[in-house]
Amino acid sequence: MLFGERPFWWVGESQLFVETQPKISQFPSTCETGPGSPSGHAMVTAAVWWVVVSSLGSFLYSRTGSLLISAAPSLLYVLLLVAVGISRIFILAHFPHQVVAGCITGFILGILLSRRVPEGRPLLFFFSFSAVLLLSALMLHAGLQQLSIDLSWSIALAKKWCSHAEWIRLDTAPFSSLTRDCGAILGLGLSLYWKPSGWSLPWAPRALSLALSSMALYHVNRLPLPVNPQGLFYSLVFVKFALVPQIVMVLVPGLVHVFTPKKKKD
């Protein structure tokens, strides 16, 4: 199930189009190196936005009492998933069934995880979770290698069939995703440790924090990382994404809070 092909290399590998090779177009986002099933973009979109949409729907119903108005976010949620799914199919990154599998998996994850918000957890919880996830993946990788199961099979196919070599990026490899997630988990724990209750800000400073955080994350995402040696690259990915929650939850709101005028107490 998890060794799914991607269309941009399957067209050539399947040997179904020897005489009449179809004319296909690739894009900078096409040449992902990981397996195709399920669609990670669809899964993450479905999981993250379900948490947002369900909370927003409950908020609107509590304020208006209207089922129609409270259902509006769910409609936008479905439209967003359809748009993401179509885009992934259009650029030949996924087959339709992989997109559907990603949406269903993400929806289930969103429901399960929204009930288990890790507020109030100690820093050791996040550190242990990140370390266990990383070490268990390394052990699984080493064990499968001993069984002659190559988890890098998709990288070779991506390099073979990608129309532009510069579109092959190491940050699309499965292990990059793992180090990214482990770093983000630890960064979330550090953010909750530095400022457990967050910053109390009025609506205008909150909007400013949102804008500044978006700008900061845009530039953090653009930071070029050395791809050799790969150990250094993965370590920097871990550090990079460990900083992301701290920028959003601690650093930027803290700076905005410092420069926000305070009400004088009687």
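Numbering starts at 1 and runs along the sequence shown. As the structure is a prediction and not an experimental result, all values here were calculated from the model.
Across all their heavy atoms, Met43 and Pro38 have their closest contact at SD-CG, 4.4 Å. Of all heavy-atom pairs spanning Leu60 and Ser70, the tightest one is CB-CA, 4.1 Å. The shortest heavy-atom contact between Ala42 and Ser39 is N-OG, 3.2 Å. When all heavy atoms of Leu170 and Gln230 are compared, the closest pair comes out as CD2-CG, 4.1 Å. Contact detail for Gly4 and Ser37: the closest heavy-atom pair is CA-CB, 3.9 Å.
Side chain of Arg206 to backbone of Leu201: a donor-acceptor contact under 3.5 angstrom is found. No donor-acceptor pair closer than 3.5 Å links the side chain of Ser128 to the backbone N or O of Phe125. Using a distance-only test at 3.5 Å, with no hydrogens or angles considered, a donor-acceptor pair links the side chain of His94 to the main chain of Gly36. A donor-acceptor pair is defined here as one N or O able to donate and one able to accept, closer than 3.5 Å; no such pair exists between the side chain of Arg222 and the backbone of Tyr218. Side-chain atoms of Gln146 never come within 3.5 Å of backbone atoms of Gly143 as a donor-acceptor pair (strictly under, hydrogens ignored).
Contact check for Tyr193 versus Phe126: no side-chain heavy atoms found under the 4.5 Å cut-off. Residues Ser130 and Phe238 meet the side-chain proximity criterion, which asks for heavy atoms closer than 4.5 Å.
Screening Leu157, Leu92, Thr30 against Trp9 for a side chain to side chain contact (heavy atoms under 4.5 Å, CB included) leaves a single residue, Leu157.
A salt bridge links Lys160 with Glu13: the closest approach of a Lys/Arg side-chain nitrogen to an acidic carboxylate oxygen falls below 4.0 angstrom.
Remark: Lys195 is positioned above the aromatic ring of Trp199, its terminal NZ or CZ atom under 6.0 angstrom from the ring centre and at most 45 degrees off the axis. Judged by the 6.0 Å distance and 45° axis criteria, Arg6 is not positioned over the aromatic ring of Phe8.
Not counting sequence neighbours, the partners of Thr33 by the side-chain hydrogen bond (donor to acceptor under 3.5 Å, both in side chains) test are Thr172.
Remark: the Gln26 side chain and the Trp167 side chain contain no N/O donor-acceptor pair separated by less than 3.5 Å.
A distance of 6.0 Å or more separates the ring centres of Trp49 and Tyr77.
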